[in-house]
K.L.:
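There's a structure below that I have some questions on.
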Amino acid sequence: SCALHQNPQNVKDMQIIRGYHLLALFLRPKMTLFDMQSLEIFFQIAACEALFSEPKKLEAGQSNISMPPTETIFENSYEDLGLSRFRYDSSSVGSHGDMDDFSVPKDSFSHLSELETDMPVETSNCIVLSNADMVEHVLLDWTLWVTSPVSIQIALLGFLENLVSMHWYRNHNLTILRRINLVEHLLVTLQRGDVEVPVLEKLV
């Protein structure tokens, strides 16, 4: 993770040597040793965090209109991306609250009032998909993850869910996920006979 974040040439070299395929092959017989901290490092390889400052909420009596974020900072380094930022609630089994995001296309500045309500602080952050190969060849390879603990599998699906439920950069994430045929990967997983029920419910 550190090597990939420090030098873009390393990312290109990983693609040239099919490094993500090799990573999956290396991990397959070792998944019993795989833990949540290892998964969080994988999330850091697959995505970076966009941190931007939001304008303060307008005082009462003024028009409830918010401007788009004025300052965006991408934090890609291994040390800056704290592991705790990629933790997900493994107990939840899907969320109906995000269904509105999948109804009709929206522009980047939709539902700003909801953002203000959910985030009392002036800064907010979201996850931006930055490594499609890592997602396609490692995170979506369920022949690899099916032998891992259920909590790991649910956390992985929670990461994917978070990518498409973000208000900011959601279109960017969806474009990349469509390009790597996310739905096809998930349908293949649904057809497997060795996936635990809680994982299937989360996947649905």
Side-chain angles (χ1 to χ4, degrees), residues 1 3-28 39-52 68-69 72-78 81 85-86 88 94-95 98-111 125-146 148 152-192 195 199-200 202-204:
S1 176
L4 292 172
H5 282 139
Q6 286 182 346
N7 190 345
Q9 183 60 44
N10 293 338
V11 177
K12 295 178 182 178
D13 291 342
M14 274 289 277
Q15 294 172 333
I16 292 172
I17 65 172
R18 293 170 59 86
Y20 300 101
H21 292 85
L22 295 175
L23 179 59
L25 289 172
F26 171 78
L27 284 172
R28 192 163 283 114
L39 182 64
E40 289 167 346
I41 294 176
F42 275 27
F43 292 164
Q44 293 177 8
I45 296 175
C48 62
E49 187 172 76
L51 178 65
F52 54 79
T72 303
I73 304 170
F74 286 95
E75 298 181 320
N76 286 18
S77 72
Y78 175 81
L81 283 170
R85 292 181 180 175
F86 291 100
Y88 300 94
S95 171
D98 294 330
M99 290 301 293
D100 178 64
D101 286 336
F102 296 90
S103 54
V104 292
K106 302 174 186 175
D107 60 69
S108 302
F109 309 127
S110 300
H111 289 203
N125 53 0
C126 59
I127 298 173
V128 184
L129 186 55
S130 58
N131 193 326
D133 289 295
M134 180 66 180
V135 175
E136 181 177 11
H137 302 303
V138 180
L139 298 186
L140 290 178
D141 182 0
W142 219 257
T143 61
L144 175 65
W145 299 104
V146 74
S148 66
I152 294 284
Q153 298 179 45
I154 292 180
L156 172 54
L157 292 174
F159 172 76
L160 297 174
E161 181 182 23
N162 202 26
L163 285 175
V164 300
S165 61
M166 289 286 181
H167 288 273
W168 304 109
Y169 302 102
R170 176 176 172 270
N171 289 338
H172 164 82
N173 293 340
L174 281 174
T175 298
I176 295 178
L177 292 173
R178 289 189 185 105
R179 191 180 305 151
I180 63 177
N181 296 318
L182 171 67
V183 174
E184 181 178 343
H185 283 284
L186 297 183
L187 287 175
V188 170
T189 303
L190 281 171
Q191 292 173 353
R192 296 179 61 93
V195 182
V199 178
L200 289 175
K202 180 69 172 176
L203 200 156
V204 172

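Predicted model, so just to flag it, every value in this text is computed and none were measured.
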K.L.:
Quick one: does Trp142's side chain get under 4.5 Å of Gln153's, heavy atoms only?
P.N.:
yes

K.L.:
Going from CD on Gln6 to CG on Leu4, what distance comes out if it is rounded to the nearest 0.5 angstrom?
P.N.:
10.0 Å

K.L.:
Taking all non-hydrogen atoms of both residues, which atom of Leu129 and which atom of His172 are closest, and how far apart?
P.N.:
O-NE2, 2.9 Å

K.L.:
If I take atom CG from residue Leu182 and atom CG from residue Leu177, how far apart are they, to the nearest 0.5 angstrom?
P.N.:
5.0 Å

K.L.:
Could you tell me whether the side chain of Val183 reaches within less than 4.5 Å of the side chain of Leu186, counting heavy atoms only?
P.N.:
no

K.L.:
Determine whether Leu22 and Phe26 make a side-chain contact, defined as any pair of heavy atoms from C-beta on separated by less than 4.5 Å.
P.N.:
no

K.L.:
Rounded to the nearest 0.5 Å, how far apart are CG of Asn171 and CD1 of Ile176?
P.N.:
11.5 Å

K.L.:
Is there a side-chain contact between Ile127 and Phe159 in this structure, where contact means two heavy atoms from C-beta onward sitting under 4.5 Å apart?
P.N.:
yes

K.L.:
Any side-chain heavy-atom pair from Arg179 and Glu136 closer than 4.5 angstrom?
P.N.:
no

K.L.:
With a 4.5 Å cut-off on side-chain heavy atoms, are Asp141 and Arg28 touching?
P.N.:
yes

K.L.:
Where do Met134 and Ala46 come nearest, in terms of heavy atoms and distance?
P.N.:
CG-CB, 4.0 Å

K.L.:
So, do Tyr20 and Asn131 sit near enough that their side-chain heavy atoms are less than 4.5 Å apart?
P.N.:
yes

K.L.:
Which pair of non-hydrogen atoms, one from Arg192 and one from Thr143, has the smallest distance, and what is that distance?
P.N.:
NH1-CG2, 3.6 Å

K.L.:
Out of Val138, Leu157, Thr189, which one pairs with Trp145 under the side-chain contact (heavy atoms from CB on, under 4.5 Å) rule?
P.N.:
Val138

K.L.:
Could you report the tightest heavy-atom contact between Cys48 and Ser130, atom names first, then the distance?
P.N.:
N-OG, 3.6 Å

K.L.:
If you compare all heavy atoms of Ser1 against all heavy atoms of Ile41, which two are closest, and at what distance to 0.1 Å?
P.N.:
CB-CG2, 3.8 Å

K.L.:
In Å, rounded to the nearest 0.5 Å, how long is the span from CG of Leu23 to NE2 of His137?
P.N.:
11.5 Å

K.L.:
With no hydrogens and no angle check, is any side-chain donor or acceptor of His185 less than 3.5 Å from a backbone partner on Leu139?
P.N.:
no

K.L.:
Rounded to the nearest 0.5 Å, what separation is found between the SG atom of Cys126 and the CH2 atom of Trp168?
P.N.:
9.0 Å

K.L.:
With a 4.5 Å heavy-atom cut-off, do Met14 and Asp133 have their side chains touching?
P.N.:
no

K.L.:
Rounded at 0.5 Å granularity, tell me how far CG in Leu160 sits from CZ in Phe43.
P.N.:
7.5 Å

